[in-house]
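First the structure, in the form of structure tokens, and then the observations on it.
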Protein chains: 2
Amino acid sequence: MSENEQSSGNEARGRRGGEFRGVEARPRNWLVPVILLSLREWNSYGYELMERATTFGFEAMNPGTLYRTLRQMEKEGIVESTWETSRGGPARRMYTITDAGMTYLDFWAKSLEQYQRTMETFFRMYTGRPPGKGDDETGE
Amino acid sequence: MSENEQSSGNEARGRRGGEFRGVEARPRNWLVPVILLSLREWNSYGYELMERATTFGFEAMNPGTLYRTLRQMEKEGIVESTWETSRGGPARRMYTITDAGMTYLDFWAKSLEQYQRTMETFFRMYTGRPPGKGDDETGE
DNA sequence: GTATATATGTGTAGACTGCACATACTATGG
DNA sequence: CCATAGTATGTGCAGTCTACACATATATAC
């Protein structure tokens, strides 16, 4: 009931910042852990993973980016793939998460936790601005 | 001669994940809002900002990266600078946040909030793994 | 004047990713 | 058979971010 409230928060990444260049908080390498998390639930392939990625704010995931990332991930050993041709339609490259991939996910989660604390610091500074303290000083 | 001895704090960011390549959750462009936030409190210059940046996880901020970012920010109009030579030591380029910079910060904060929600989704998926549900299925 | 601390910069290369484009297989309709 | 559309995977290129190494200049202490 209370879970899926991110209905259509998609525009967030589009053009809300107007004229600014990088006014958007997204982590680098976000795509890798998202893919791993999906694969941990069940094995899958690029085309399907693309759809699932939207859950994490990748509104219109670019195919090229995703496939390239998957190949890279395989080269690093955090996923493995085999061709699946035993059905109608074009062949699918089915991906599986490896043990190394699990480890990667754990590292990522730990790092994300720490980063969350950093963000709290940011918000404390951002909102909790004490009046009469930040005007014209030089910092010494 | 004196190299800039930033030797020992580096491992923190470099090798935390062991053999993995990008196992670290940090948003791209993190440095820009951090600088803006610092400048909102009081005007400052590169060398000083470097130290303050450590608060936000830049353990051993690289001078080059910081100075280049500051120049870029000025080109974009979110900060302004003037030389300060009225004291001992090398001249300092003093930076001030502009109105556009304030706006940038607001956009960033909003974006960060949404990103926090995305991270919660991630953790729900990561930790809330129901037993006996994620082993060998193919997704169809 | 040499070393050190302060202060600001450039050059280069690698990584991430958005956009455009290319390829291939299968099913359906004519 | 051929054309077309949907599924599925992939490459090329360019822009951006940033880590690392290196270069420069000023002032103070010795």
Side-chain angles (χ1 to χ4, degrees), chain A residues 13-15 20-35 44-51 53 58-76 81-95 139-140, chain B residues 1-7 9-15 20-35 44-51 53 57-76 81-95 139-140:
Chain A
R13 268 202 350 284
R15 281 264 56 121
F20 297 123
R21 207 166 32 86
V23 226
E24 234 189 300
R26 260 182 313 157
R28 57 190 88 180
N29 235 18
W30 194 214
L31 193 49
V32 172
V34 163
I35 290 171
S44 186
Y45 55 99
Y47 200 84
E48 190 189 50
L49 285 166
M50 222 171 359
E51 296 163 18
F58 293 97
E59 200 193 337
M61 171 47 59
N62 186 280
T65 302
L66 182 73
Y67 288 116
R68 181 178 288 126
T69 303
L70 282 169
R71 291 306 209 77
Q72 180 59 33
M73 288 167 72
E74 183 159 25
K75 216 189 315 184
E76 287 170 33
S81 75
T82 52
W83 284 105
E84 183 190 282
T85 50
S86 59
R87 34 163 292 292
R92 296 170 172 174
R93 195 189 277 276
M94 292 298 296
Y95 283 94
E140 274 203 356
Chain B
M1 307 304 168
S2 82
E3 285 98 51
N4 279 331
E5 273 293 77
Q6 45 208 5
S7 46
N10 298 345
E11 289 79 8
R13 260 195 356 279
R15 292 262 54 126
F20 297 124
R21 205 167 32 85
V23 225
E24 231 194 307
R26 257 185 312 157
R28 58 187 85 176
N29 235 17
W30 192 214
L31 193 50
V32 172
V34 162
I35 289 172
S44 186
Y45 56 99
Y47 199 85
E48 190 190 48
L49 285 166
M50 224 167 5
E51 296 164 17
F58 294 96
E59 269 173 84
M61 172 47 56
N62 186 279
T65 301
L66 182 73
Y67 288 116
R68 179 176 289 130
T69 302
L70 281 168
R71 291 307 208 78
Q72 180 61 32
M73 289 168 70
E74 182 158 26
K75 217 190 312 184
E76 286 170 33
S81 76
T82 52
W83 284 104
E84 183 189 283
T85 51
S86 58
R87 32 163 295 292
R92 296 169 172 176
R93 194 189 278 276
M94 292 298 294
Y95 282 95
E140 277 201 355

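Residue numbering restarts at 1 for every chain, and letters A, B, ... go by the order of the sequence lines. Just the heavy atoms: all of them, side chains too, but no hydrogens, waters or symmetry mates, feed the values below.
Contact check, R28(B) against dC16(C): no side-chain N or O comes under 4.0 Å of OP1 or OP2. The side chain of Y47(B) places no N or O atom within less than 4.0 Å of a non-bridging phosphate oxygen (OP1 or OP2) of dA7(C). Here R92(B) reaches the OP1 or OP2 of dA7(C): one of its side-chain N or O atoms lies under 4.0 Å away.
What separates CE of M50(B) from P of dA7(C) is a distance of 9 Å, to the nearest Å. Per the geometry, CG belonging to L49(B) stands 12 Å off P belonging to dA7(C), to the nearest Å. I35(A) places its CD1 atom 12 Å from the P atom of dT9(D), with the value rounded to the nearest Å. dG9(C) atom P lies 7 Å from atom OH of Y67(B), rounded to whole Å. Distance, L70(B) CG to dT8(C) P: 9 Å, rounded to whole Å. Rounded to whole angstrom, the span from the CE atom of M94(B) across to the C1' atom of dT6(C) amounts to 15 Å. One interatomic measurement links the two molecules: NZ of K75(A) to P of dC16(C), which rounds to 11 Å at whole-angstrom precision. Here the C1' atom of nucleotide dC16(C) and the CD atom of Q72(A) are 10 Å apart, to the nearest Å.
To the nearest 0.5 Å, atom CZ of residue R92(A) and atom OG1 of residue T82(A) are 12.5 Å apart.
In terms of heavy atoms, W83(B) sits closest to A91(B) at CE3-CB, 3.7 Å. Taking all atoms of both residues into account, the shortest heavy-atom contact from P33(A) to N29(A) is CD-O, 2.8 Å. Annotation for Y67(A) and Y47(A): closest pair OH-N, 3.4 Å, computed over non-hydrogen atoms.
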Self-check item: Sequence-aligned protein contact record of nucleotides 23-28 of chain C, with B where the base is within under 4.0 Å of a protein heavy atom and S where only the sugar-phosphate is
Solution: --BSS-
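Looking at residues two or more places apart in sequence or on another chain, you find no side-chain contact (heavy atoms from CB on, under 4.5 Å) involving P90(B). Partners of E74(B) according to the side chain to side chain donor-acceptor pair (under 3.5 Å) rule, which considers only residues two or more places apart in sequence or in another chain, are S81(B). Take R71(B) and apply the side-chain contact (heavy atoms from CB on, under 4.5 Å) test, not counting sequence neighbours, and it matches R93(B), Y95(B).
Checking dC19(C), dC20(D), dA8(D) against every side-chain atom of N62(A), the shortest atom distance belongs to dC19(C).
With the end axes of the helix from dG1(C)-dC30(D) to dG30(C)-dC1(D) each set by five pairs, the angle from one to the other reads 20° at 10° resolution.
Each of T65(B) and G64(A) has a nearest nucleotide on DNA chain D; the 5'-most of these lies closest to G64(A).
Contact annotation: the side chain of E76(A) approaches that of Q72(A) to within less than 4.5 Å [non-hydrogen atoms, C-beta and beyond].
Checking L49(A), L70(A), L66(A) one by one against L31(A), the side chain to side chain contact (heavy atoms under 4.5 Å, CB included) holds for a single residue, L66(A).
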Set out, line by line, the N/O atom pairs under 3.5 Å between protein and nucleotides 13-16 of chain D.
from	atom 1	to	atom 2	distance (Å)
dT16(D)	O3'	R21(A)	NH1	3.4

